[in-house]
Amino acid sequence: MSNKPANKYPVNLLDTPFPMRGDLAKREPGFLKQWEDAQIYQQLRLAAKEQNRPKFILHDGPPYANGDIHIGHAMNKVLKDIILKSKSLSGFDTPYVPGWDCHGMPIEHQIEKLVKSDKDAIKANPAIHAQIVAYRKANQLDEKEIHLPSSFIRELCREYAAIQIERQKVDFIRLGVLADWQNPYLTMNFKTEADIVRTMGKIHHNGYLVKGQKPVHWCVDCGSALAEAEVEYEDKVSAAIDVAFQVVDMAALSAAFGGVNVGEQTASAVIWTTTPWTLPANQAVSVHPEFTYDLIATEKGLLILVRELAEAALKRYDIDANEVIAQAKGDALNGLLLQHPFLARQVPIICGEHVTADAGTGLVHTAPAHGLEDYQVGLKYKLAVDNPVANDGRYISTAEFFAGETVWKANPKVVALLEERGALLANKKLEHSYPHCWRHKTPLIFRATTQWFIGMDKKVGDETLRDKANRAVDATEFFPAWGRARLEAMIKNSPDWCVSRQRTWGVPMTFFIHKETAELHPRSTELLEEVAKRIEKEGIEAWFKLDASELLGDDAAHYEKLKDTIDVWFDSGSTHFAVIQQREELNHGDANRPAADLYLEGSDQHRGWFQSSLKTACATVGHAPYKQLLTHGFVVDGKGMKMSKSKGNVVAPQQVINQMGADMLRLWTASTDYSGEVSISDEILKRTTDSYRRVRNTLRFLLANLSDFTPEDKLPVNELLTLDRYALVELAKFQHNLTAFYDKYEFHLGVQEIHRYCADELGAFYLDIIKDRLYTMAAGSHGRRSAQTALWYITQALVRLLSPILSFTAHEAWDVLKNDGNVFVGEWLTLPEIHDADTLQATFALIREVRASAQKDIELQRAEGALGSSLQAEVTIHAQGEVFQALESLGDELKFIMITSQAHIQPGTPAIEVAAATAEKCERCWHYHPSVGTIAAHPTLCTRCDCNLHGAGETRQHA
């Protein structure tokens, strides 16, 4: 059908204010302003309250308040928004309170750079730097003085975080995310800080908070212990050395190896390590009790090596001549004394299940101050936790040989000393995976410090916290399903959680400890609540300025305030209590169920927020804080490479929005399978634009052909033509499929369903067929109103179904439809029931198969030049059985469904005959019809067009 009607005989070709070009980048801010003016988010809450809807709580994992949002942030927020809008349209109350993580080292580090007059930092934050300059001047400090009061640093940190939050908030709002943007939760809000303190108090009260001098990941640059979530692993080249620990008592050695004659030789147990700097802290050598160890005679004396690794070890030592003179199980060596290779210390051989025969010698250098497994086996044998390394990564003044040296500079010196003492058997370079600080990207050290831990294996009642966490994981539903195994592994292998930090900007550990015993005050629970009340009013500064005597009275002489701050992961991990339980709109009102229905974050949060939230919830209320966990992958470039400024492959969400509009970013987000890595590039965004254009063109066609139609013009469903009733059956199927994809969070399949429906069901079938009826029949005729009735339902439903993803476009279409209210405030369209839906589906399944075959034959003849268009064709269809009955039921409508001028059905062996029409072409409808030329007044029209134009009674499609 031509899009340009002949002026002489006009058709119903209508227009719409819904333009072909979305021009989203320019127009979306205006739509946002309309949402803001109409207070759409507040309308949603009011409607939900009036309708007493059940709550669906998606708790926002707080992004860190530092730096502009990146493409991963944008994808994360859009996914959340799609879920909440679809849940709202499904009949739930979906309050969404966005949040920000505000404390911690990165912000403090930014302020430190400003204090040190870093040029880039000053350029980015001139106002805060000006305050630092003014403070120095007012207090008559040198302009380069970096030791400013902690209270002033915290004040600047708070201000810096507030600035960053406002910057990020603007970008999140621009994405079209509906939320309570005026009342977000911030972990630095006074009330939230107080409730973080209360969460820690509850964990202490429940018995899970423990103090210990344990080895922890320590960042020299941070000057603090790190949580597991702050550790990343990178390749590092280390010195891998084999060291001989000489046996002290040869008679004891002989006995351990079954009485073998050891003669006058020296004997050594050989260890292998990649951290020479830890040898000054060595307290033992561990063997596996079940492994077999060889006593080998060599030119370098008797050597003790595990059987499986002996040959490879001797090769490293360039030893050819050797003889195994005896063998013994590891437990037979237990207690054998060795001489430390360079310190005046004797150390025992001990047994440990952690020893492996994968690499090295099968004997493990054991320093309880520098390794978790070493620490754990050391507890069993009551070994000293001797830590000679200070907070700055340097050996303390009493450390022999290496006092004042950094551990990294000490490495080669340790090796040289071992060689000097004749204890070095081999020194090779080894590239291996090693823990690094995720902020500074520098190698970490393991060192024992006095820290506070949440004990994973401390039994309280009948089970440990690890037991509770495992049970909570079992009760959680995961999207995608592989997230379960990942979180299970994290919980299974998780050490005690070190929750104390030695920083300035953070929620304090608000405990009083005894000055001599370092034990907590017996009234800690009561005192903590008193402190929390003060923090509610004044923020964390209330603790730092508190005089202990105000709460302790005479006891203040024996107690002091703990100076540590709380791990920032605890801040965000405790928001199930500090935020959800404290805000009425988020609270389900049932303490026995998870606080939230869904947590949704990137895959790195299995070791981060998902885990910290699980542990704090299990330690306080005994179950998970979430019913469901949804995990999405990281965003990479089109080649699957990680984005970085140095590679020049960063795609900034702000740039995409400014060029293409937020709806394009939303459609890209929904189109991707987030269960793995998610790719974005100019080419991918171009394909997204093409997909969007198909959807927009479909909406434009629908809206244009409803521009002269009102809800009052709708026909009863039982008066609709067969094809139109079938279209409503397909619409119901589409709505059911798409809402099911929304419910299962399978948005990429939902987008595929949208495109299938718009391109195939509508564009290539239904809309293609009814164009003739819409354009050529009388405006108010039954046939045209029947089609428009179906289009009204299709458009109303489609706009609602698109709105969670294409929010701005759906809003625009909603306004064109002149609907009341807003597209987000309501529910999915209630569709009319079609009593013969199953029959229609079965019938049209057969019809569409025949139609596809006929169209293929017509296209072949068009390609050969026998036909100009499908309307020039006449088809004769031979069919039998149920296919014949289906086609025959259409009567004269068959030719319109085939989009041919004539269509005939005959019984017989299935076949399709296509021939060129012999009749004349109607100037208006372009059908070839025998009646053309028979109307004296209008010789170029067919009788059908003549009736439609000149009102010769009611006309039907097949008239």
Side-chain angles (χ1 to χ4, degrees), residues 22-42 44 58 60-82 84-85 95-102 106-107 110 121 123-128 156-189 192 572 579 600-602 635 643 645 650-669 680 685 805-809 811-812 822 824:
D23 208 8
L24 299 172
K26 292 182 180 179
R27 300 175 67 221
E28 285 175 345
F31 299 149
L32 279 175
K33 183 66 166 58
Q34 292 176 28
W35 297 357
E36 182 183 354
D37 291 344
Q39 295 188 309
I40 299 301
Y41 179 80
Q42 289 74 17
L44 280 166
L58 189 161
D60 191 33
Y64 195 69
N66 184 26
D68 291 334
I69 70 167
H70 53 65
I71 198 72
H73 287 129
M75 181 179 74
N76 177 272
K77 276 292 192 289
V78 168
L79 284 173
K80 292 172 180 175
D81 191 55
I82 291 172
L84 291 172
K85 283 173 178 167
Y96 181 44
V97 177
W100 274 273
D101 210 355
C102 307
I107 289 174
Q110 290 297 326
K123 185 178 179 181
N125 301 279
I128 294 180
L156 296 179
C157 287
R158 187 176 291 276
E159 183 174 343
Y160 175 88
I163 293 170
Q164 299 298 307
I165 288 165
E166 289 307 310
R167 286 174 62 90
Q168 292 185 10
K169 185 191 295 185
V170 169
D171 286 340
F172 285 141
I173 292 173
R174 181 63 184 85
L175 288 167
V177 177
L178 290 179
D180 192 356
W181 293 112
Q182 301 307 311
N183 300 289
Y185 80 84
L186 313 179
T187 57
M188 68 178 185
N189 285 345
T192 306
S572 56
V579 176
L600 183 167
E601 299 302 329
V635 183
M643 291 186 183
K645 291 181 180 178
V650 173
V651 177
Q654 297 85 354
Q655 182 180 356
V656 177
I657 291 170
N658 290 338
Q659 291 178 353
M660 299 179 173
D663 259 3
M664 216 60 65
L665 202 53
R666 296 179 68 92
L667 183 57
W668 163 78
T669 297
I680 190 169
L685 288 171
I805 298 171
L806 296 173
S807 294
F808 292 104
T809 303
H811 167 85
E812 181 185 2
N822 186 280
F824 309 116

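Index from 1, following the sequence.
The CD atom of Glu28 lies 9.5 Å from the CD atom of Glu812; values are rounded to the nearest 0.5 Å. We find the CD1-OG1 distance between Ile680 and Thr669 to be 7.5 Å, quoted to the nearest 0.5 Å. Put simply, CG on Asp68 and CD on Gln164 are 7.5 Å apart, with the number rounded to the nearest 0.5 Å. Note that the OG atom of Ser572 and the CG atom of Asp101 stand 4.5 Å from one another [nearest 0.5 Å]. Here the CD1-CE distance, from Ile71 to Met643, works out to 6.5 Å after rounding to the nearest 0.5 Å. Separating the CG atom in Leu175 from the CD atom in Gln654 is a distance of 8.5 Å, to the nearest 0.5 Å.
When every heavy atom of Arg666 is checked against every heavy atom of Ile805, the shortest pair comes out as NE-O, 2.8 Å. Annotation for Pro98 and Ala179: closest pair CD-CB, 3.8 Å, computed over non-hydrogen atoms. Heavy atoms only, all atoms of each residue included: Ala25 and Arg174 are closest at O-NH2, 3.6 Å. Residues His73 and Ile69 come closest through the heavy atom pair ND1-CA, 3.3 Å. For the residue pair Met188 and Ile165, the shortest heavy atom distance occurs at CE-CD1, 4.2 Å.
A salt bridge links Lys80 to Glu601: one of the charged nitrogens lies within less than 4.0 Å of a carboxylate oxygen. Using a 4.0 Å cut-off between charged nitrogen and carboxylate oxygen, Lys77 and Asp171 do not count as a salt-bridge pair.
No side-chain heavy atom of Pro63 sits under 4.5 Å from any side-chain heavy atom of Asn76. The shortest side-chain heavy-atom distance between Pro653 and Phe172 does not fall under the 4.5 Å cut-off. Between Phe31 and Ser807, the closest side-chain pair of non-hydrogen atoms is not below 4.5 Å.
A donor-acceptor pair under 3.5 Å is formed between the side chain of Gln168 and the backbone N or O of Gly67. Remark: the backbone N or O of Gly22 is paired with a side-chain donor or acceptor of Arg27 at under 3.5 angstrom.
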Subject >> Worked verdict on Trp668 versus Val656 for side chain to side chain contact (heavy atoms under 4.5 Å, CB included) >> reply: CA-CA 11 Å; Trp668 163 78; Val656 177; over 6 Å; no

**OP:** Would you sort out whether Asn183 and Val97 count as a side chain to side chain contact (heavy atoms under 4.5 Å, CB included), showing the intermediate values?
**Re:** CA-CA 7 Å; Asn183 300 289; Val97 177; over 6 Å; no

**OP:** Decide yes or no on ring-ring contact (aromatic ring centres under 6.0 Å, His included) for Tyr41 and Trp181, but give the supporting numbers first.
**Re:** CA-CA 9 Å; Tyr41 179 80; Trp181 293 112; 9.1 Å; no

**OP:** Check the pair Leu806, Leu667 against side chain to side chain contact (heavy atoms under 4.5 Å, CB included), reporting the backbone distance first and the verdict last.
**Re:** CA-CA 7 Å; Leu806 296 173; Leu667 183 57; 3.9 Å; yes

**OP:** Apply the test side chain to side chain contact (heavy atoms under 4.5 Å, CB included) to residues Thr192 and Cys102: give CA-CA distance (whole Å), side-chain angles for both, the deciding distance (0.1 Å), then the verdict.
**Re:** CA-CA 11 Å; Thr192 306; Cys102 307; over 6 Å; no

**OP:** Applying side chain to side chain donor-acceptor pair (under 3.5 Å), run through Tyr185 and Asp60 and close with a yes or a no.
**Re:** CA-CA 9 Å; Tyr185 80 84; Asp60 191 33; 5.4 Å; no

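His811 and Gln34 are linked by a side-chain donor-acceptor pair at a separation below 3.5 angstrom, with hydrogens and angles left out of the test. Between the side chains of Asp180 and Tyr96, no donor N or O sits under 3.5 Å from an acceptor N or O.
In summary, the aromatic rings of Tyr64 and Trp100 are positioned with their centroids too far apart to meet the 6.0 Å limit.
For Lys169, the salt bridge (charged side-chain N to carboxylate O under 4.0 Å, His left out) partners at least two apart in sequence or on another chain are Glu166. Remark: Gln39 pairs with Gln42 by the side-chain contact (heavy atoms from CB on, under 4.5 Å) rule, at least two apart or across chains.
Tested against Met660 for a side-chain contact (heavy atoms from CB on, under 4.5 Å), the candidates Leu685, Leu665, Leu24 yield a single pass: Leu685.
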